[in-house]
Q: 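Dropping the structure in here first, questions after.
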Amino acid sequence: MSIFYSGISALLIFWHSVWDTLLGAPEFLSTDWSWVLGIVFLVVTVRVALLPLYVRQYRSQLAMQRLQPEIRELQQKHKGDAMTLGAAVSALYKREGVSPYASFVPLLLQIPVFLALFHVLRHLRPAITDPATQTLYGWTATQFHDASHALLLGAPLASSFSSGGVTMIVAAVLIAAMVTTTFLTTRLSMANSGPTDDPTQLLIRRLMTYGIPLSLLVSGVIFPVGVLLYWTTQNVFALGQQAWLIRRHPPVKAPAPAD
């Protein structure tokens, strides 16, 4: 994972230097805005880089919806013969150029980014004074000192909910924002997955819509403030991206029930 730690550090340092140059190291409302904006634009960089994959994912999702009637016909035709059904469905996907796994690619690519940011922000602790440790992943001692003392509304970016005081308040607000935006993003994604009467699919959708936000409500207390900011910003970006994709490529409508 060292390559990811170094990559995330390089992006964060780059965007910090950009905003530091443009804004002159602004510090008001007990916030180091060049570091905060560095995290925000780290999100923008990652999301823009992955945008072609998200577009492909969404188009694949629409194609999967369009193929549902044919898949149901195959299920009826090969009922009780799982091997033949699997081969027939795979042939259908291949013919239409659709992959049922396309939706997982952007998520899988984001996991190392999130883990790397989590590690880097946990690493930026003021208690670390060893120069060799401070300069891991491409940081200079000065950059490490500045980042490890950077604040968001008085809360250190590397601290978490358990730190108490103002950090607890800022972290609680960000956790609430993270959970809410995750719920909205997941619900919108599930709503655009197309209609289904499969009990298993319905259960999976409910678990994802409500389970993921609830799990973040619990795990959010250990996330550094900077990670909470990253996740919330990413969700806001994702909501805007989904709205844009839906406007350009409306989802498949459910067929009208037969009389």
Side-chain angles (χ1 to χ4, degrees), residues 1 3-4 7 43 45-116 181-216 219 231 234-235 237-259:
M1 288 289 289
I3 187 172
F4 289 105
V43 175
T45 302
V46 173
R47 297 293 302 202
V48 169
L50 294 179
L51 184 58
L53 288 177
Y54 280 107
V55 173
R56 183 177 178 183
Q57 168 198 357
Y58 186 74
R59 288 175 176 171
S60 179
Q61 188 179 44
L62 293 182
M64 290 287 292
Q65 293 176 27
R66 178 173 51 81
L67 293 177
Q68 286 307 303
E70 292 184 59
I71 292 175
R72 282 194 289 269
E73 288 180 9
L74 291 174
Q75 289 171 337
Q76 290 297 322
K77 181 179 179 181
H78 302 294
K79 191 173 184 180
D81 189 348
M83 185 174 295
T84 304
L85 173 61
V89 172
S90 296
L92 175 63
Y93 289 156
K94 184 176 181 180
R95 186 190 78 201
E96 298 295 330
V98 174
S99 172
Y101 307 108
S103 60
F104 296 103
V105 174
L107 175 62
L108 291 176
L109 290 176
Q110 282 193 79
I111 289 175
V113 175
F114 169 76
L115 293 177
T181 52
T182 298
F183 171 75
L184 293 175
T185 303
T186 308
R187 187 176 68 170
L188 183 58
S189 177
M190 293 299 102
N192 292 323
S193 296
T196 181
D197 52 5
D198 184 344
T200 302
Q201 288 293 326
L202 290 172
L203 177 61
I204 291 174
R205 291 185 183 187
R206 290 193 188 99
L207 288 175
M208 292 186 67
T209 301
Y210 298 100
I212 295 176
L214 286 175
S215 68
L216 290 175
S219 60
W231 199 305
Q234 176 175 263
N235 287 343
F237 196 101
L239 283 170
Q241 178 181 282
Q242 287 183 342
W244 174 72
L245 286 172
I246 291 170
R247 184 174 180 179
R248 291 198 61 182
H249 307 282
V252 177
K253 295 182 179 181
D259 294 333

Q: Applying ring-ring contact (aromatic ring centres under 6.0 Å, His included), name anything that partners Phe183, two or more places apart in sequence or on another chain.
A: Tyr210
Q: In plain terms, say whether Glu70 and Arg95 are close enough for a salt bridge, that is, a side-chain N and a carboxylate O under 4.0 Å apart.
A: yes
Q: Using the rule side-chain contact (heavy atoms from CB on, under 4.5 Å), only one of Thr185, Val43, Leu184 pairs with Asn235; which is it?
A: Thr185
Q: Given side chains that start at C-beta, do those of Thr181 and Trp231 come closer than 4.5 Å, heavy atoms only?
A: no
Q: Rounded to the nearest 0.5 Å, how far does CG of Leu85 lie from NZ of Lys77?
A: 11.0 Å
Q: Can you confirm whether more than 12 heavy atoms, excluding those of Ile111, are under 6.0 Å from its CD1 atom?
A: yes
Q: Hey, what do you get for CG (Leu239) to CZ (Arg187), rounding to the nearest 0.5 Å?
A: 10.0 Å
Q: Going by salt bridge (charged side-chain N to carboxylate O under 4.0 Å, His left out), name the residues that satisfy it together with Glu73, two or more places apart in sequence or in a different chain.
A: none
Q: Hey, are the side chains of Tyr54 and Gln242 touching, using non-hydrogen atoms and a 4.5 Å cut-off?
A: no
Q: Quick one: CG on Leu214 to OG on Ser219, what's the gap to the nearest 0.5 Å?
A: 10.5 Å
Q: So how far is it from Arg47 CZ to Gln234 CD, rounded to the nearest 0.5 Å?
A: 5.0 Å
